[in-house]
Amino acid sequence: MSSLEKYGPFALVTGASSGLGQEYARQLAASGLNLVLLARRNDVLEDLATKLTTKHNVVVQVLAADLTEPSGLHAVRNLNQDVGLLVHAAGLEVNGAFIKSDADAQRRMLQLNVTSTFDLVHHFLPKMVDRGCGGVVLFSSLSGHMPNPYFANYAGSKAYVLNFGASLRAELAGSGVDMHVVSPGPTDTPMAEGTGVDWSKVPSQVMTPEAVVRESIANLGGKFLTAPGYGNKMAVWISKHTPSEWIGRMNARVMQKALPRDKL
Ligand SMILES: NC(=O)c1ccc[n+]([C@@H]2O[C@H](COP(=O)([O-])OP(=O)(O)OC[C@H]3O[C@@H](n4cnc5c(N)ncnc54)[C@H](OP(=O)(O)O)[C@@H]3O)[C@@H](O)[C@H]2O)c1
């Protein structure tokens with residue numbers, strides 16, 4: 001029996017059309033879990049569903065939904081499947097000088113990174129607690145652990161995810177439901193590519209989604225936090241032992257070199 005079988009029969013994976021969510025879906029299917037794949041791009045999800053069903057002989061359902069819209073959250077609430085594992089990997093990032101940023105884009109990011117996290121967990125958690133078994137995987141970021149100038153609102157949204165998860169973890173002790181937060185550093189996905197950051201000027205190694213998800217799944221049900229890889233673990237340790245003003249100033253200098261000038 002796979003150690004993930006207790007999270008069955010279905011895992012709901014959001015952000016399954018790309019990056020870390022897509023990789024989470026692949027690795028869960030390989031371990032025999034049935035899936036509901038959620039993102040906005042139906043064609044990408046259908047294609048992945050066909051591949052995973054064929055390769056791993058699991059049931060895969062697709063739910064094309066926009067989690068920043070009430071209709072998208074409504075569609076999730078109407079799901080019939082018994083979801084034993086929620087993996088909420090859908091996320092947005094907006095960067096650049098905050099005072100120049102577009103308020104609508106920033107608000108949309110908060111709706112996805114913060115409000116939909118609250119809504120999905122609030123919907124699925126009571127059923128998991130009722131049956132005494134389940135798991136929730138949320139995606140924070142290294143940015144959630146420390147000031148990240150030029151990603152200020154993104155960093156704030158990821159700090160919410162981290163503290164929300166850590167608080168619920170203690171509240172759920174003894175319930176049989178596992179709360180797990182992943183705090184990746186730079187990871188080779190369309191999101192990291194789309195930031196415009198020159199990662200060669202940032203003192204951290206870019207990881208593969210495969211390695212990040214493998215470490216998260218290995219920790220699921222054991223450790224609360226996955227800061228994948230040695231460099232990200234060091235960064236989390238430093239964030240706990242260094243005044244946040246110093247880290248803020250240092251990260252500002254790094255981003256002033258790594259972001260294109262028109263974003264500063
Ligand atoms: N990559 C990194 O370097 C990195 C580092 C730290 C933390 N993270 C976090 O890890 C998580 C996954 O990131 P990623 O790198 O895999 O990003 P990604 O490749 O850009 O994937 C984001 C996913 O979110 C979905 N999505 C976006 N807007 C949505 C909406 N309104 N409703 C529903 N789904 C939506 C996208 O699908 P559609 O476009 O099809 O909707 C896509 O599947 C995010 O929370 C991110 O903040 C990433």
Side-chain angles (χ1 to χ4, degrees), residues 12-27 35-49 62-76 86-95 104-117 119-120 136-146 148 151 153-162 164-165 180-199 202 204-213 215-216 225-229 231-232 235-236 258:
L12 168 63
V13 182
T14 75
S17 62
S18 176
L20 287 156
Q22 189 170 86
E23 182 56 28
Y24 229 106
R26 281 199 196 97
Q27 294 193 26
L35 299 175
V36 180
L37 306 177
L38 187 151
R40 290 166 303 178
R41 286 171 293 167
N42 189 57
D43 51 336
V44 183
L45 295 179
E46 289 287 0
D47 187 46
L48 180 64
V62 160
L63 179 59
D66 185 334
L67 291 174
T68 65
E69 296 289 338
S71 59
L73 292 166
H74 185 70
V76 174
L86 166 66
V87 179
H88 187 26
L92 283 175
E93 74 80 36
V94 175
N95 68 54
D104 288 338
Q106 296 277 16
R107 200 172 295 109
R108 210 164 30 250
M109 181 179 69
L110 287 178
Q111 275 161 351
L112 186 61
N113 295 7
V114 175
T115 309
S116 83
T117 301
D119 273 309
L120 295 184
V136 175
V137 178
L138 303 177
F139 278 80
S140 178
S141 162
L142 279 191
S143 301
H145 296 255
M146 63 187 81
N148 208 334
F151 288 74
N153 194 32
Y154 176 77
S157 76
K158 293 300 172 178
Y160 166 86
V161 174
L162 179 63
F164 177 61
H180 182 70
V181 168
V182 192
S183 289
T187 309
D188 187 11
T189 70
M191 179 184 282
E193 178 78 25
T195 57
V197 170
D198 178 348
W199 293 108
V202 176
S204 53
Q205 213 185 346
V206 178
M207 290 184 73
T208 64
E210 291 80 3
V212 172
V213 171
E215 191 169 332
S216 165
L225 181 72
T226 293
N232 294 329
V236 167

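For ligands, and for the atoms within them, numbers begin at 1 and follow the listed sequence.
- By the 4.0 Å heavy-atom criterion, Thr14 is excluded from the residues contacting ligand 1.
- A heavy-atom separation below 4.0 Å is found between Ala65 and ligand 1.
- When side chains are defined from C-beta on, Thr115 does not count as touching Leu73, because their heavy atoms never get closer than 4.5 Å.
- A donor-acceptor pair under 3.5 Å is absent between the side-chain atoms of Gln111 and the main chain of Glu69, judged by distance alone.
- Not a single heavy atom of Pro209 sits closer than 4.0 Å to an atom of ligand 1.
- Only the side chain of Leu112 comes within 4.0 Å of ligand 1, judged by heavy-atom distances.
- Using a 4.0 Å cut-off between heavy atoms, Lys158 contacts ligand 1 through its side chain alone, with no backbone atom that close.
- Side-chain contact between Val197 and Phe151 is present, with at least one heavy-atom pair separated by less than 4.5 Å.
- Residue Pro186 has at least one heavy-atom neighbour below 4.0 Å for each of these atoms of ligand 1: 3 (O).
- To the nearest 0.5 Å, atom CG of residue Leu142 and atom OG of residue Ser204 are 7.5 Å apart.
- In this structure, CG on Leu12 lies 9.0 Å from NE2 on His88, to the nearest 0.5 angstrom.
- Looking at Gly21 next to ligand 1, no N or O pair under 3.5 Å apart turns up.
- Backbone and side-chain nitrogen or oxygen atoms of Thr189 are examined, and one is located within less than 3.5 angstrom of a nitrogen or oxygen of ligand 1.
- Residue contacts with ligand 1, taken as heavy atom pairs separated by less than 4.0 Å, involve Ser18 via backbone and side-chain atoms alike.
- Residue contact check for ligand 1: Ser140 places a non-hydrogen atom closer than 4.0 Å to it.
- Note: Asn148 CG to Asn153 CG = 12.0 Å, rounded to the nearest 0.5 Å.
- Atom 22 (C) of ligand 1 has its nearest heavy-atom neighbour, among Gly91, Ala25, Pro190, Gly19, in Gly91.
- Taking both residues in full, the closest heavy atoms of Asn232 and Met207 are given as ND2-SD, 3.6 Å, listed atom of the first, atom of the second, then distance.
- Within the listing of ligand 1, atoms 3 (O) sit less than 4.0 angstrom from a heavy atom of Ala192.
- From Leu162, atom CG reaches atom OG of Ser157 across 11.5 Å, with rounding to the nearest 0.5 Å.
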